A.B. asks: 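There's a structure below that I have some questions on.
To find a chain, count down the sequence lines: A is the first, B the second, and so on, and within it residues start at 1. The structure presented is a predicted model; accordingly, all values stated were derived computationally and were not measured.
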Amino acid sequence: MSDRTISYVNAFTEAIQLEMEADPDVFIAGEDVGAHGGVFHTFDGIQARFGERRAVDTPISEQAIIGLGIGAALTGLRPIVDLMFMDFVLVAADQIANQAAKLKYMFGGNAKLPLTITTTGGAGLSAAAQHSQSLEAMFCHIPGLMIVYPSNAHDVKGLMAACIREDNPTLMVLHKRMLGQKGIVPEGRYQLPLGVANVARQGSDVTVVSWGKMVNDSLAAADQLAAEGTSCEVVDLRTLSPLDIDTVVTSVRKTNRVIVAHEAVRFGGFGAEVAAQIQEYAFDYLDAPVGRIAAPFTPIPFTPALENIYLPDANKIAAGIRETLARPLLAT
Amino acid sequence: MSDRTISYVNAFTEAIQLEMEADPDVFIAGEDVGAHGGVFHTFDGIQARFGERRAVDTPISEQAIIGLGIGAALTGLRPIVDLMFMDFVLVAADQIANQAAKLKYMFGGNAKLPLTITTTGGAGLSAAAQHSQSLEAMFCHIPGLMIVYPSNAHDVKGLMAACIREDNPTLMVLHKRMLGQKGIVPEGRYQLPLGVANVARQGSDVTVVSWGKMVNDSLAAADQLAAEGTSCEVVDLRTLSPLDIDTVVTSVRKTNRVIVAHEAVRFGGFGAEVAAQIQEYAFDYLDAPVGRIAAPFTPIPFTPALENIYLPDANKIAAGIRETLARPLLAT
Amino acid sequence: MELTPARHLDMLRSMIRIRLFEETAGKLMEAGKMPGFLHLYVGQEAVATGVCEALRVDDYISSTHRGHGHLVAKGGDLSRMMAELMGRAGGYCGGKGGSMHINDLKLGMLGANGIVGAGVPIAVGAGFRNKYLGTDQVSVAFFGDAATNIGAFHEAANMACALHLPVVFICEHNMYGEYTPTEKAMVIADIVDRAAGYGMPGVIVDGMDVLAVHEATLEAVARARRGDGPALVEAKTYRYYNHHGIQNLGLKYRPDAEVLAWKERDPIFSFEQRLLDGGIATRDEMDDVWAGVRATIETAIEFADSSPFPEPEALLTGVYTRSNS
Amino acid sequence: MELTPARHLDMLRSMIRIRLFEETAGKLMEAGKMPGFLHLYVGQEAVATGVCEALRVDDYISSTHRGHGHLVAKGGDLSRMMAELMGRAGGYCGGKGGSMHINDLKLGMLGANGIVGAGVPIAVGAGFRNKYLGTDQVSVAFFGDAATNIGAFHEAANMACALHLPVVFICEHNMYGEYTPTEKAMVIADIVDRAAGYGMPGVIVDGMDVLAVHEATLEAVARARRGDGPALVEAKTYRYYNHHGIQNLGLKYRPDAEVLAWKERDPIFSFEQRLLDGGIATRDEMDDVWAGVRATIETAIEFADSSPFPEPEALLTGVYTRSNS
Ligand SMILES: Cc1ncc(C[n+]2csc(CCOP(=O)(O)OP(=O)(O)O)c2C)c(N)n1
Ligand SMILES: Cc1ncc(C[n+]2csc(CCOP(=O)(O)OP(=O)(O)O)c2C)c(N)n1
Ligand SMILES: [Mg+2]
Ligand SMILES: [Mg+2]
């Protein structure tokens with residue numbers, strides 16, 4: 001059954017289920033993750049299978065949810081705690097960035113903190129400015145955390161398993177608009193290493209670096225460009241922190257042109273870090289500046305009329321690629 | 001008295017005092033800002049002068065402190081609310097980034113939110129990982145906020161006055177280790193425009209872009225380099241968001257080499273955004289990659305033995321400049 | 001103070017405005033005309049109405065994700081509300097905020113809020129402003145039962161008490177936070193048990209009884225206005241529909257019988273009965289109210305339907321206020 | 001259960017260990033040997049001691065910025081503590097954490113904490129673990145009076161009650177949060193007034209009386225151990241020194257007379273008097289305790305003084321655990 005097809009969200013749930021079967025110390029906790037199975041069905045069936053002890057519905061208390069995970073992880077369990085919407089990480093930012101991320105170091109390296117924080121990011125559902133954000137950049141800046149943002153069902157399962165087994169705090173972000181997307185997902189347990197990027201498509205003319213849902217858009221853009229005779233290489237970072245810059249730089253040294261595509265606001269986004277490292281490590285190979293395709297500097301608008309314009313997509317990426325390719329070696 | 005010399009912290013307090021005198025709607029609120037005058041004496045004398053009504057000691061409730069500011073600003077006052085240590089912005093991150101920053105836009109542009117949030121950032125006092133951070137990058141990524149980080153007494157006063165008069169929420173960061181630093185500060189009211197950088201030193205061989213305390217270190221590095229015959233231009237951003245990239249790019253087009261120096265962790269720091277924009281807008285002018293001098297990817301260690309190594313300083317900036325200058329036009 | 005028949009009809013009208021606005025929004029959502037999440041207020045009309053009828057136009061309120069009722073009761077324009085929910089340029093937020101961020105600053109309605117509990121500190125800020133300026137305006141924070149488990153609520157409640165601000169806390173206890181029964185999220189049955197921890201009085205009222213809500217609020221508001229500080233009013237109520245969307249029966253987290261039992265005590269129909277029984281209003285008068293509101297709703301739908309979507313340029317405006325002073 | 005004379009002397013010893021450790025740290029700070037902020041626990045010794053003497057080694061505690069006393073009382077090694085405060089490699093955190101992050105996971109001490117209130121949810125997490133594994137361990141959260149105004153405390157207290165976890169909440173009410181009298185930061189005089197809002201019992205004890213603290217904690221701990229859920233113990237106490245540093249008199253935010261009055265009720269000297277009066281211990285026995293602790297402190301200073309500063313390589317280690325499983 002190596003070609004079994006299931007959805008992104010089911011792959012996520014399956015990873016949790018398999019790890020919970022394998023390790024009695026793994027549990028889930030969060031708002032409506034138990035009886036309801038998560039507002040996006042990310043935890044469907046977990047409580048039915050493992051009971052209320054291991055699938056815990058909590059009060060609406062994001063700080064205490066993360067604290068619960070920290071305390072349980074510090075004392076030997078392997079918690080998965082959920083924040084529902086990525087926007088809510090801001091409510092619990094102290095516990096995530098000042099506590100979970102730093103305890104190991106502050107404790108002189110003695111602590112082990114196998115904590116997985118799950119959440120859903122991304123816009124496109126008319127959920128407006130407080131239920132649509134992509135805030136990964138804010139937490140990539142915090143030493144001690146690992147940030148994971150998978151782009152397809154196969155990766156979700158392997159990366160989520162790796163997060164659960166990881167002895168450091170991880171933030172696993174699912175994109176809301178990919179939950180139903182199907183992919184070929186092996187049945188048993190497997191892990192994908194954190195901190196290793198994936199070349200999702202080989203190409204020679206230009207590199208597109210991306211993560212999460214934007215990898216799909218990048219691949220779609222690559223299809224468009226292929227029809228125009230351009231060969232795009234698409235690098236899926238999978239993990240933002242730690243960042244696998246080697247895979248990116250290897251690609252750029254081959255293609256000499258690159259854009260970074262992400263859904264978050266461009267200004268101060270994680271694309272800036274990727275761009276800064278590319279120009280540092282591949283300076284002599286670049287035939288054009290590192291381009292960035294990302295959202296404009298505004299909160300996310302409610303109305304689809306504006307949200308559709310707001311969102312980066314395959315067309316915008318394709319346009320960005322064309323622009324990068326069109327740039328003469330010396331523009332001025 | 002145009003050459004009156006006062007400290008950075010006194011310049012800050014003076015700006016507040018003058019604005020409070022000029023406008024009865026301006027008040028301060030926060031933990032120990034009233035009777036005690038602020039744990040770093042940033043509000044010394046304000047309560048004595050304006051009374052408890054306008055200099056309000058609050059409970060230890062960072063979320064409610066910001067919320068108090070938001071509600072008061074929405075309804076016509078011009079609040080200054082204090083968070084004591086920049087690390088504590090994480091405790092109030094939702095109110096800052098989901099509420100204060102976004103309300104205007106979500107409300108269709110109808111709201112006015114003249115809110116100033118003050119805090120102190122920076123390491124070097126052995127205050128360890130939760131009392132030393134420079135988290136400006138996290139909030140630069142949030143549309144709707146303005147981030148200000150002055151480098152000297154003169155600028156503090158003018159920028160703080162501008163923050164208070166600004167109709168958008170501003171985050172004004174003081175560096176703890178600069179509080180006592182003296183400078184020439186005019187006596188009356190004046191404002192420095194937000195979003196306008198300052199060329200703190202003219203030079204021709206290399207540009208150093210910086211903000212806050214690191215501007216001082218950059219100037220000291222420039223002195224070192226001058227002795228070696230190198231002419232450094234130092235750009236003090238003053239405001240990080242909005243970013244005055246034009247001043248930076250103008251300088252880089254002249255010098256062709258540039259480093260960005262900041263105290264925050266390098267990975268995902270605001271230097272990445274500056275570097276990404278420089279390589280985008282000055283690609284053909286760059287003779288070397290944009291360098292970044294910043295802190296390593298660790299929480300801030302307590303012991304001076306490690307904190308001293310951790311911190312970027314004039315020597316590290318000077319070394320970074322030398323490295324950038326030494327790089328041949330084609331390195332590979 | 002006795003209420004006149006006209007005031008009784010005002011209250012009835014306010015509740016009907018909420019009810020019909022919400023039912024209409026639900027239908028438009030089903031018809032695919034309303035994007036995003038819709039948290040309907042149906043069932044809780046007596047709370048928003050009873051409270052807001054105790055307020056002046058210049059008093060402030062802050063609201064929640066379930067905020068339409070609060071804006072309607074504060075006097076919101078149904079046309080601009082409908083247009084907002086449909087993402088149109090003519091909406092309260094020009095289509096940028098939607099259901100979860102609807103507001104009317106001119107009416108003192110400081111916004112629905114997508115973050116549970118986050119509106120409470122904002123109401124406290126408005127309360128601070130009232131005291132600071134020495135006005136006798138009050139500020140009201142609406143929030144749900146489950147929201148009282150979040151830190152922002154706690155900090156705000158204590159802050160209001162510590163600073164002795166004219167703030168009234170209105171908890172709408174509808175027994176659930178999303179799909180979790182509140183009895184699973186807290187041990188206590190009554191939110192008022194939290195009031196003593198801040199040092200303010202708390203009172204429980206029947207949230208299906210608009211007059212009871214009104215009376216309790218009047219007292220709390222009067223107290224706040226005369227400078228005697230905050231108070232908490234807990235209204236026991238129920239939302240007829242699912243947490244969001246318009247399913248009402250057949251939900252796995254609550255028994256249908258429970259829904260039906262609460263509907264027996266419907267705030268609008270029971271109030272009508274009372275007005276009839278007391279000879280305060282006739283069936284005809286009340287039918288006129290329904291008809292009037294129905295007409296307003298028709299107007300609102302037409303307004304919204306004919307309001308254009310915002311122009312692309314609107315995307316980038318309003319992030320920063322440009323009018324510095 | 002009657003305490004033996006030996007157990008009484010254990011308690012005395014624990015309090016003296018805290019007292020002398022803190023006084024020494026203060027002097028070292030004055031001498032410029034101790035970098036950073038130092039929040040001394042002197043005056044509150046009876047609380048940490050009374051509580052921790054009611055705990056087992058495998059019980060957990062979480063602590064605050066004022067955390068030395070808690071670690072000492074939980075059995076902490078004074079040498080490694082002193083070395084940590086001096087930023088040495090031999091310290092508990094290898095010099096990386098310092099006073100505000102001192103911890104000993106082997107003793108179940110989950111860390112001092114630089115963020116007010118942030119340790120409380122962490123203790124709740126440890127309590128969750130105990131219940132999850134079906135052990136009879138308990139978890140204790142120490143926090144200050146002013147910390148109860150922060151959201152994290154509230155969420156954690158409610159969470160522990162909602163999930164019925166074996167957690168004991170210990171509030172050290174020392175009347176101030178930094179330089180603000182707590183009566184300005186909250187209307188209520190007693191933190192236990194908050195317990196009812198979570199549905200747990202709360203009790204006030206004299207925090208200068210180690211036996212009173214001990215007894216109250218024993219009861220709360222027994223309750224938690226047998227699965228009856230959380231409880232709150234509020235100890236009324238006082239810190240002799242300034243919020244940080246070692247000034248004690250002449251502070252503008254509190255009257256000297258107040259300090260002196262509390263010192264009259266010193267937890268150590270009053271306990272000694274009680275032991276003498278009750279014939280439980282002799283002056284000689286108690287002097288031996290003092291002498292023993294003094295010797296330990298000497299050893300600690302020597303250990304710390306001779307412990308090297310960490311090597312530069314240490315800067316980059318420990319950010320991530322490398323031992324994945
Ligand atoms: C901080 C935060 N956590 C979680 C959510 C998701 N959420 C939206 S409404 C809600 C339930 C709120 O319950 P309650 O306060 O009782 O209000 P009700 O919906 O019953 O009116 C939750 C958990 C959110 N919006 N914000
Ligand atoms: C979130 C946060 N806000 C503010 C501070 C600064 N601060 C440190 S200790 C303290 C007072 C705490 O008072 P209390 O909880 O009563 O403990 P005590 O110092 O009296 O032992 C404050 C405000 C902080 N460390 N963290
Ligand atoms: Mg509810
Ligand atoms: Mg205290």
A.B. asks: Report yes or no: does B/Thr255 contribute a side-chain atom to a donor-acceptor pair with the main-chain N or O of B/Arg257 at less than 3.5 Å?
C.D. replies: yes

A.B. asks: When you compare the side chain of B/Thr239 with that of B/Val196, does any pair of heavy atoms fall below 4.5 Å?
C.D. replies: no

A.B. asks: Say whether, by atom type as modelled, one donor and one acceptor occur between the side chain of B/Gln95 and the main chain of B/Ile66 under 3.5 angstrom.
C.D. replies: no

A.B. asks: Do A/Val258 and A/Val208 pass the side chain to side chain contact (heavy atoms under 4.5 Å, CB included) test, and can you show the C-alpha distance, the side-chain angles, and the key distance before you say yes or no?
C.D. replies: CA-CA 6 Å; A/Val258 55; A/Val208 184; over 6 Å; no

A.B. asks: Can you give me the closest heavy-atom contact between A/Gly271 and A/Val260, atom names plus distance?
C.D. replies: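 A/Gly271 and A/Val260 have their closest heavy atoms at CA-CG1, 3.8 Å.
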
A.B. asks: For residues A/Tyr281 and A/Val249, report the shortest heavy-atom separation together with the two atoms involved.
C.D. replies: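 Result for this residue pair: CB-CG2, 3.8 Å.
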
A.B. asks: CE/B/Met138 to CG/B/Leu90 distance, rounded to the nearest 0.5 angstrom?
C.D. replies: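 One finds 5.0 Å between CE of B/Met138 and CG of B/Leu90.
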
A.B. asks: Under a 4.5 Å cutoff for heavy-atom pairs, which residue among B/Ala275, B/Cys140, B/Ala92 has the most contacts with chain A?
C.D. replies: B/Cys140

A.B. asks: Which of residues 261-269 of chain B have a heavy atom under 4.5 Å from any heavy atom of chain A?
C.D. replies: B/Ala264, B/Val265, B/Arg266, B/Phe267, B/Gly268, B/Gly269

A.B. asks: Give, as side chain, backbone, both or neither, the part of B/Phe297 having an atom under 4.5 angstrom from any heavy atom of chain A.
C.D. replies: both

A.B. asks: Please rank B/Leu135, B/Val89, B/Ile142 by heavy-atom pairs under 4.5 Å with chain A and give me the top one.
C.D. replies: B/Ile142

A.B. asks: Please classify the contact of B/Leu286 with chain A as side chain, backbone, both or neither, using a heavy-atom distance under 4.5 Å.
C.D. replies: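 It is both, since atoms from each part get that close.
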
A.B. asks: When only pairs under 4.5 Å are counted, which of B/Gln277, B/Glu273, B/Arg292 shares the most heavy-atom pairs with chain A?
C.D. replies: B/Glu273

A.B. asks: Ignoring hydrogens and geometry, is there a side-chain-to-backbone donor-acceptor pair from B/Lys316 to B/Ile309 under 3.5 Å?
C.D. replies: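 Yes.
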
A.B. asks: At their closest point, which heavy atom of A/Val81 faces which heavy atom of A/Gly69, and how far apart are they?
C.D. replies: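 Minimum heavy-atom separation between A/Val81 and A/Gly69: CG1-CA, 4.0 Å.
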
A.B. asks: As an exercise: rank B/Gly144, B/Ala272, B/Ala276, B/Ser241 by heavy-atom pairs under 4.5 Å with chain A and give me the winner.
C.D. replies: B/Ala272

A.B. asks: Against chain B, label A/Ser134 side chain, backbone, both or neither, depending on which of its atoms sit under 4.5 Å from a heavy atom there.
C.D. replies: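 Only the backbone of A/Ser134 comes within 4.5 Å of chain B.
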
A.B. asks: With ring centroids as reference points, do B/His131 and B/Phe88 lie under 6.0 angstrom apart?
C.D. replies: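 Centroid distance B/His131-B/Phe88: below 6.0 Å, so yes.
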
A.B. asks: What I'd like to find out is whether the side chain of A/Leu171 reaches to under 4.5 Å of the side chain of A/Ile96, using heavy atoms alone.
C.D. replies: no

A.B. asks: Kindly indicate whether the side chain of A/Glu31, heavy atoms from C-beta on, has any atom under 4.5 Å from the side chain of A/Asp82.
C.D. replies: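 No - every pair of side-chain heavy atoms lies 4.5 Å or more apart.
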
A.B. asks: Can you check whether A/Glu280 reaches B/Val290 side chain to side chain, under 4.5 Å on heavy atoms?
C.D. replies: no

A.B. asks: Side chain from CB out, backbone as N, CA, C, O: work out which of these in B/Ala128 comes under 4.5 Å of a heavy atom of chain A, or both, or neither.
C.D. replies: neither

A.B. asks: Can you tell me which portion of B/Phe302 sits under 4.5 Å from chain A's heavy atoms? Options are side chain, backbone, both or neither.
C.D. replies: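 Neither; nothing under 4.5 Å.
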
A.B. asks: With chain A, which of B/Ala97, B/Ala288, B/Pro296, B/Gly291 has the greatest number of heavy-atom pairs at distances under 4.5 Å?
C.D. replies: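 Between B/Ala97, B/Ala288, B/Pro296, B/Gly291, the count favours B/Ala288.
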
A.B. asks: For chain A, which of B/Ile300, B/Val274, B/Asp87, B/Asn98 has the most heavy-atom pairs under 4.5 Å?
C.D. replies: B/Asn98

A.B. asks: Strictly less than 4.5 Å between heavy atoms, which residues of residues 100-110 of chain B line up against chain A? Please order them by number.
C.D. replies: B/Lys102, B/Tyr105, B/Met106

A.B. asks: Pick one of side chain, backbone, both or neither for A/Gln63, based on which atoms fall under 4.5 Å of a heavy atom in chain B.
C.D. replies: side chain

A.B. asks: Taking all non-hydrogen atoms of both residues, which atom of A/Leu311 and which atom of A/Ala123 are closest, and how far apart?
C.D. replies: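 Taking every non-hydrogen atom into account, CD2-CB, 3.9 Å.
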
A.B. asks: Does this structure show an ion pair linking A/Asp284 with B/Arg327, if we count only N-O contacts that are shorter than 4.0 Å?
C.D. replies: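 Yes, A/Asp284 and B/Arg327 are salt-bridged.
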
